[in-house]
Amino acid sequence: PPKEDKKRKKKDQDEEDAEEKNDAEEKAEQPPAKKPTPRKALPEVEEETAEVDGKEAINALAVRLVARLRERGLAVADDDDAARKQIGGYVMTHKRGTTVDVAAVIRQADVDVGRRVHVDNVECPDNQGLANAFKELANYEFKVGDKFKGAA
């Protein structure tokens, strides 16, 4: 019957309006979102190239770049061999003949590797690594969308 259809449509519309009103009220009640504190920008990378002739020269360049990237605060692997292999891949990517574009390697590492997470107020310096790991996991959970785990 047509009257029942009209009543059902009216009821559905009323429910949708009530949900929208509740959503608007919830948004109005929530405190404004905190703005993240801006990180210091990484320093600009000056144009630089290096001549590499052979596997030993590539490995030596990768070792030097690992040290430079750690000084920049990037999250390069803690294990020296793993970090050398990771950055060595970037070196090979930006190698043309015997010349490596060092600036391009550093820029790519800035984007791909990312910044190292650091917790400032740790009372016991021995726990710094553990606090950094928890902070990194919390950041990951927030990015995934699980706010409950991220806040834990």
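To the nearest 0.5 Å, the span separating CD1 on I106 from OH on Y90 amounts to 13.0 Å. In this structure, the separation between CZ on R96 and OG1 on T49 is 13.0 Å, given to the nearest 0.5 Å. Atom CD1 of I87 is separated from atom CG of N59 by 13.0 Å, given to the nearest 0.5 angstrom. Distance CZ/R68 to CD/E48: 4.5 Å, rounded to 0.5 Å.
With a 6.0 Å radius and a threshold of 12 heavy atoms from other residues, nucleotides or ligands, D79 has its CG atom above the threshold.
The two atoms that bring L69 and A109 nearest to each other are CD1-CB, 3.7 Å, heavy atoms only. The minimum heavy-atom distance linking V52 with L61 is given by the pair CG1-CD2, 3.9 Å. In terms of heavy-atom proximity, R70 sits nearest to A83 at NH2-CB, 3.7 Å.
Checked by atom type and distance alone, the side chain of K135 never pairs as donor or acceptor with a backbone atom of L137 at under 3.5 Å.
Residues Q86 and V66 fail the side-chain proximity criterion, which asks for heavy atoms closer than 4.5 Å.
In this structure, V63 is not a member of the same hydrophobic cluster as L74, with clusters built from ILVMFWY side-chain heavy atoms closer than 4.5 Å.
A side chain to side chain contact (heavy atoms under 4.5 Å, CB included) with I58 holds for exactly one of V100, V91, T98; it is V91.
R107 and D101 are not joined by a salt bridge, as no carboxylate oxygen comes within less than 4.0 angstrom of a charged side-chain nitrogen.
In the model, T99 has a side-chain atom that pairs as donor or acceptor with a side-chain atom of E51 under 3.5 Å.
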(request) Applying salt bridge (Lys or Arg N to Asp or Glu O under 4.0 Å), run through D110 and R72 and close with a yes or a no. (result) CA-CA 9 Å; D110 285 349; R72 286 176 71 84; 2.8 Å; yes

